[in-house]
Structures are given as structure tokens and as C-alpha cells.
Amino acid sequence: MSNTRPNSLTTSITYLKGVGPKRAELLQVELGVFTFFDLIQHLPFRYEDRSKFYKISEITADTTSIQLVGKIRSKKMLGAGRHSRLVAIFDDGKKKMELVWFKGGKWIQSSLPLDINVVIYGRPQNFKGKWNIAHPEVERADQFESRGGGGLHPVYSSTEKLTSRGLHSSGLGRLIRVALSEVRREIEETMGEEILKELKMPGRLEAFDLVHSPKTLQEADSALKRLRFEELLYLQLTLLKQKHSVTVNMEGVRFEEVGDKFNEFYNEKLPFELTGAQKRVMKEIRADLNTGAHMNRLLQGDVGSGKTIVALMTALLAIDNGFQACIMAPTELLANQHFKGVTELLGEMDVRVELLTGSVSKSARKPILEGLESGDVDVIIGTHALIEPAVKFANLGLAVIDEQHKFGVAQRSKLWAKATISPHVLVMTATPIPRTLAMTAYGDLDCSVLDEMPPGRKDIKTVHRTDSGRLGVNDFIEKQISDGRQVYVVYPLIEESATLDHKDLMDGYDSLTRRFPLPEFKIGVVHGRMKAEDKEFEMQRFAKGETSILIATTVIEVGVNVPNATLMIIESAERFGLSQMHQLRGRVGRGGEQSYCVLMTKDEFSKEARRRLETMCRTNDGFEIAEVDMDIRGPGDVTGTQQSGIPDLQMADIMRDRDLMITARYIAGNILEEDPQLELAKHQILKINLDRILEGRPNWSRIS
Ligand code: ADP
Ligand code: MG
């Protein structure tokens with residue numbers, strides 16, 4: 001609803017109390033949050049119930065987090081140097097358990113009260129058959145009471161970078177509540193009373209209040225539904241209205257020629273035979289580009305299916321017809337990789353390709369910007385930097401967006417504003433969206449699917465191992481390295497505890513370097529706290545084969561291509577979602593060699609985690625994995641995981657909320673059937689908001 005908001009909602013978050021320029025920039029880049037309104041639309045992805053207290057004896061492998069009340073009986077520092085830690089004994093009256101701090105122990109020790117009631121909250125873990133909690137939240141029970149601490153706590157998705165700036169879930173929550181209190185008077189109702197009544201949904205302001213400060217899970221659930229439904233209803237109204245209008249087919253630039261560049265590349269440079277699927281998709285794209293209509297195509301293909309070459313060949317078609325092309329990636333790392341890949345593929349061909357990211361220096365930027373404006377630059381590859389006002393194109397004819405879900409609507413529409421006629425759009429994603437669902441969500445969007453892997457690709461063999469199998473896993477790492485291959489070891493990112501993440505990662509590094517000592521073995525580390533250039537440096541070392549093992553948090557998730565890497569080890573795999581594990585696994589198996597994925601877990605984990613692990617071991621098929629993922633999470637599961645990342649919608653998710661979307665479509669259809677022009681009094685709210693959407697950008701009916 002980004003363009004239905006009155007002015008103060010659109011105030012830049014830079015002006016929010018607690019947000020300076022640094023945090024503002026991070027919120028923009030990491031979450032696509034630019035305004036107060038964007039921020040309050042950052043909805044929790046689950047809630048923690050802090051109203052109940054449990055006993056230590058109730059902890060099971062399915063317990064993800066737990067709240068206990070009891071007394072701390074003792075506390076002392078153990079170990080020395082880097083391995084020192086604070087250990088406290090917590091007593092719930094029946095049983096005792098250890099609490100552990102690996103960081104900040106000295107300081108915490110002095111603040112831990114002994115022998116008075118405290119409230120403990122954290123994630124239990126099993127260490128040698130005993131439960132403990134590392135880095136729990138500890139609060140005096142009387143203070144907990146007096147601030148009304150026992151309620152539902154919203155949990156927000158954050159990122160590693162945000163977390164390192166104090167914007168973990170609860171930090172974000174605080175900002176969101178401040179923003180909401182600032183704009184609450186501006187939040188208008190957007191759905192008629194009749195609809196609200198019929199669906200038993202709360203009003204809009206009430207819904208925002210309830211999602212961010214809920215009292216019961218039922219309230220939170222119905223408020224979440226209301227906000228998501230509203231977005232989907234307007235999406236459907238927009239789509240259905242446009243279906244009836246004559247302007248369905250927007251004008252597009254016509255690429256009539258298959259010219260020199262395309263042919264030269266195809267005949268002389270292409271290093272392999274295209275797969276059948278790639279050929280088919282190229283045909284589909286070429287047909288689109290020649291109709292005079294505007295192409296708006298979603299290209300789905302599992303990781304490794306070869307989307308990049310399709311993007312490049314489409315770009316060459318644009319160039320052959322006198323247009324420029326841009327390829328936009330969600331991260332610098334990916335933009336760099338695309339740039340490298342594309343320039344290598346083009347070789348000596350006379351095509352000017354440039355890279356534009358946040359790290360390109362001012363002086364290097366100048367000639368690139370000039371080249372774009374004069375038309376000298378044929379292809380520009382980059383990140384968000386491409387949508388900055390300073391970037392002007394002579395004649396942009398094609399925009400390729402890789403892994404689109406990281407870009408918000410507003411950002412994309414900025415790119416289109418850079419051409420007089422909207423450029424053709426090719427969105428590439430590895431997230432499988434069933435075609436019918438995509439059509440319902442995007443109307444006349446076209447879908448292409450790369451459903452065939454390049455030849456010689458062997459299925460990645462996936463196994464599950466627990467700590468007791470670690471020696472064998474280490475031997476296997478050694479074997480891969482001595483065969484000249486490379487290995488990824490990936491650690492999870494815990495939303496709440498960056499300290500703990502870092503500890504896991506660093507412990508892993510320590511034990512790996514003990515087993516694989518320098519100088520014989522070379523190990524690199526990449527994590528979210530590093531500066532972009534340091535990360536890049538480490539990634540490049542790995543890509544060049546200078547390091548054999550890369551230890552990383554999930555920063556490597558999207559798109560990284562190192563064909564010589566054949567082993568992916570996912571640590572604490574029980575904590576990863578299915579699609580995330582599948583993405584990670586896709587980092588190996590990119591060359592001709594047999595590749596492997598090892599899912600490491602503790603001995604105990606939840607039933608759901610077991611199902612995820614089994615699925616990963618059973619299949620390499622992204623669509624099948626997506627099905628199981630949906631099945632586990634269930635549609636409309638408000639306490640489920642984060643959004644699966646489909647574009648355009650801020651709050652709803654077409655996969656997760658598909659039932660809600662079908663309801664929205666049905667209701668939108670009824671409304672327009674009864675009142676096609678929305679002239680009835682009861683539809684005036686809808687009409688006003690819909691007109692705003694239809695007049696302005698962004699327009700939900702187009703991905704562009
Ligand atoms: P993704 O779809 O994940 O973006 P890429 O485009 O990065 O996949 O391709 C993965 C790897 O497969 C690259 O190394 C690429 O060069 C290679 N590749 C792509 N198409 C083919 C093909 N038809 N035959 C052989 N290798 C291919
Ligand atoms: Mg890719």
C-alpha cells in the first residue's frame with residue numbers, strides 16, 4: 001500500500017528516534033525499509049509466549065526456547081583466555097541446570113543476582129546428555145512483574161549486519177513501536193466495514209497495534225491476516241481491473257534483430273551446448289521481445305540450472321537492437337561474480353560491460369556514469385547502486401533482476417523510471433513458484449522454467465551425521481582436499497544472538513585449524529561482521545583456489561559459483577529451513593566432479609527438523625523440496641518461518657498465504673461484478689485507494 005499513505009508515513013526513517021544515518025542505510029539495504037510506514041510493515045514472523053513458565057524437566061528436543069523461573073545458586077568463571085566462560089547454576093526448585101556465557105562473562109557475573117527469583121529465557125541445548133542454556137536472558141522476577149514482562153513477544157527477522165548494529169529482533173521491535181506511535185494518527189482504514197465484518201477482521205490501526213504488541217496469539221493471528229489480506233485484496237482488484245481495461249498490453253521496445261553480437265557469441269564464444277530447457281527459454285524470450293509488447297517474464301530455475309547465460313544472451317539481443325541492458329543482483333558479491341562471469345564469457349568481444357556497486361570509487365564511477373548516459377556502456381552489472389539518481393541511461397531496453405526477492409517494489413520502479421518506454425524485464429529466481437500461483441499473483445506475467453540441469457551434473461550425495469561421526473567427516477574433508485577439491489563449512493545465523501553465532505563459527509574455525517593446520521591447509525573465514533571488502537577478499541581467495549576450506553555464516557547463500565568446491569558441510573543443520581539448506585547445497589555440484597553435502601546435527605532434534613533432514617537426504621529436486629517445505633509450514637501458519645521471498649508484497653507472501661489470496665481473489669471478483677466501476681457508497685474506500693495505486697507507481701500487476 002506504499003502509495004496510499006499520507007505524508008508523514010513516508011517520512012524517511014533517518015528521522016526516527018534511535019535511527020541515525022548508519023542504521024538508516026542498513027535498514028534500507030538489508031530490509032528495504034525506507035520510511036516509517038515501511039518499518040511498521042515489517043511484521044513479526046513469529047511470537048514467543050512469555051506468559052508461561054516451564055520446568056527444567058519439561059525440556060525436550062522439540063523445545064526451541066523456554067522461560068523458567070528460579071534462583072541462581074552459584075556463578076564462576078571457568079577456563080582461561082579465549083576459552084574462558086561464565087557458568088552459573090540455576091535451580092528451579094526441583095532440578096538444576098547450567099547457564100553459560102562465552103562472551104562478556106566478567107561483566108555479566110557481577111550483575112547476576114544470587115538466591116533471589118529470576119526469570120530466565122533462552123534456547124536449551126543438550127551437552128553430553130545434560131541441558132544447558134547459553135547466553136540466556138536473565139531478569140529479576142520482581143522487575144519482570146512490574147514491567148508486565150509476561151506476555152507475547154513479537155519476533156522480527158533481522159540480518160547479521162543489522163544484528164551487529166543492535167538491531168536484532170527486540171531492537172527492531174522497539175524501533176517499530178516508536179514509529180507506530182509517531183504515525184498512528186495517519187493510518188486510515190482501507191477496507192470497507194462490510195468486508196471487515198464479513199471476514200471478522202480488525203480495523204487497520206488496530207491490526208498494526210495488535211501485530212506489534214499482541215496480547216494473545218489469536219489476536220496477533222487475526223491482525224496479521226487482516227494486513228496480509230488487505231494487500232492481497234488490492235493486488236487482486238488491480239489485476240482484475242486491468243484485465244478489463246484496454247491497456248493490458250503495455251508498449252514495449254521491439255527487438256527485431258538477432259544480430260552480430262548474439263550470433264558471434266552463440267557461434268564462437270558459447271563454451272557449451274545449451275540445454276534443451278535453455279534453448280526453449282531463449283525461444284520464449286525472443287518471441288516476447290519481437291512482439292512490440294512489454295516483456296515481463298519470470299525465469300525460474302533451480303540453483304545451477306544456468307540462468308546466467310540466458311540473461312547474458314538476452315542482453316546481447318538488446319545490444320544488437322541498439323539498446324543497453326542492466327543486470328541487477330542483490331549483493332555485491334553476486335554482482336561481482338556476474339561481472340566476472342559475463343566478461344569471461346564474452347572474452348574479446350566488442351561489448352562494453354561495466355560494474356557498478358557501492359564499493360566502486362568516485363573516480364572510477366565517473367566514466368561509467370558518463371558511458372551509461374552516452375550509450376557507450378552496453379551492459380551494466382550492479383547492485384542497488386544502479387537505482388541511484390545519478391545513474392542515467394541513454395536507452396535502457398532490458399533489465400534483468402537476479403534473485404529478485406531482495407528488492408522492494410519501490411526500488412524496482414526507480415529503475416524503470418530511467419527509460420522512456422519501460423524496459424523489458426526478466427526476473428530470475430531459484431524459488432520455485434507453481435505456475436498457477438504465479439499467474440494468480442501476477443496476472444499476465446509469463447513464466448519460463450529451466451527444468452533441466454546442464455549435462456554431466458551428478459546429483460549431490462547428501463548424508464546426515466551427528467557429532468559422533470565428526471571424525472569420519474574430517475577424514476572425508478581431508479580426502480576431498482587431497483584430491484584438489486574445496487570445501488564449504490557453513491554455520492547458521494541465530495537471529496537473537498550474534499555473540500553465539502560468532503562463537504560457533506570461531507570454535508569451528510579453531511577445531512578445524514587444529515585438525516588441518518597451516519601451512520599445509522589453507523582456511524578462510526567469511527561472516528557478516530566483516531567489512532564488505534574483507535569478505536570479498538576471502539571469497540576471492542576461495543574462488544581462486546588459494547584456500548581449500550571456507551568457513552562461513554549464511555552470507556554465501558545466494559548464487560556464489562566456485563565449481564571446484566565439492567563438499568558442503570552444514571553445521572547445526574537442524575536449525576536451517578529446507579529452502580535455505582537447498583540453496584546452500586546448490587553451492588556445490590557446479591563442476592563435473594561428484595559433490596557431497598553433509599548435514600551435521602546434535603544427537604537430539606525436533607520431529608520437524610528430522611523431516612527436513614530426511615527430505616534433503618532423499619532428493620535434490622527444488623520443487624519437491626518446496627512442496628515439503630510448504631507442507632511442514634502450512635499455509636497461513638503465522639508462527640511459521642520467514643517469508644519465502646516472493647516479490648512485490650510487503651506483508652503477504654503468495655506461497656504462505658495462498659489460501660488468503662484465493663479468498664481475496666474471490667471477494668475482489670464479487671465486488672467488481674456487483675459494481676465494476678466501484679461507484680457504490682460502500683466501495684468508496686476501495687475506489688480511492690485503488691485509484692491511487694493505479695495512477696501511481698509501483699504497480700502491482702507488473703513485476704516491473
Ligand atoms: P544459476 O541458475 O544457479 O544462476 P549459473 O548460471 O550460475 O546457474 O550456472 C551454473 C554453472 O553451470 C555455471 O558454471 C555455468 O557456466 C554452467 N552452465 C550453464 N549452462 C550450461 C550448459 N548448458 N552446459 C554446461 N554448463 C552450463
Ligand atoms: Mg545465479
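For ligands, and for the atoms within them, numbers begin at 1 and follow the listed sequence.
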Student: At a 4.0 Å threshold, what atoms of ligand 1 neighbour a non-hydrogen atom of T275?
Tutor: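 Atoms satisfying the 4.0 Å criterion: 23 (N).
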Student: V310: heavy atom below 4.0 Å from ligand 1, yes or no?
Tutor: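 False for this residue.
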Student: Mind checking whether S305 has a heavy atom under 4.0 Å from ligand 1?
Tutor: yes
Student: Looking only at non-hydrogen atoms, which of E344, M428, Q278 approaches atom 23 (N) of ligand 1 most closely?
Tutor: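 Ranked by closest heavy atom to atom 23 (N) of ligand 1, first place is Q278.
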Student: Could you work out, with side-chain hydrogen bond (donor to acceptor under 3.5 Å, both in side chains) as the rule, every residue matching S572, not counting sequence neighbours?
Tutor: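 In terms of side-chain hydrogen bond (donor to acceptor under 3.5 Å, both in side chains), with neighbours along the sequence ignored, S572 is linked to no residue.
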Student: Is the ring pair F476/Y596 parallel, tilted or perpendicular, if the boundaries are 30 and 60 degrees?
Tutor: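 Correct class here is perpendicular.
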Student: What atoms of ligand 1 come closer than 4.0 angstrom to any heavy atom of L274?
Tutor: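 Checking each atom against L274, I get 23 (N).
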Student: Would R280 and E452 pass as an ion pair if we require N to O under 4.0 Å?
Tutor: no
Student: Pair E273, K279 - check salt bridge (charged side-chain N to carboxylate O under 4.0 Å, His left out), show working.
Tutor: CA-CA 9 Å; E273 172 94 6; K279 285 184 188 154; 2.8 Å; yes
Student: Check R611 with E608, please: is the shortest side-chain N to carboxylate O separation under 4.0 Å?
Tutor: no
Student: Counting each atom of ligand 1 from 1 as listed, which ones have a heavy atom of T308 under 4.0 Å away?
Tutor: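 Atoms satisfying the 4.0 Å criterion: 4 (O), 5 (P), 6 (O), 7 (O).
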Student: Using a strict cut-off of 4.0 Å, indicate which atoms of ligand 1 neighbour a heavy atom of D302.
Tutor: 2 (O)
Student: Under 3.5 Å, which donor-acceptor pairs link side chains of residues 321-329 to any protein atom two or more places apart or in another chain?
Tutor:
residue : atom : partner : partner atom : Å
N321    : OD1  : E256    : N            : 2.9
N321    : OD1  : E257    : N            : 2.9
N321    : ND2  : E257    : O            : 3.0
N321    : ND2  : L317    : O            : 2.7
Q324    : OE1  : A394    : N            : 2.9
Q324    : OE1  : N395    : N            : 2.9
Q324    : NE2  : L372    : O            : 3.0
Q324    : NE2  : V377    : O            : 3.0

Student: Answer yes or no: is there an ion pair linking K479 with D475, defined by an N-O contact shorter than 4.0 Å?
Tutor: no
Student: Using a 4.0 Å cutoff against the non-hydrogen atoms of E273, which atoms of ligand 1 qualify?
Tutor: 22 (C), 23 (N), 24 (N)
Student: Backbone or side chain, does any N or O of F272 fall under 3.5 Å from an N or O of ligand 1?
Tutor: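 Looking only at distances, the answer is no, because the N/O contact criterion of under 3.5 Å is not met.
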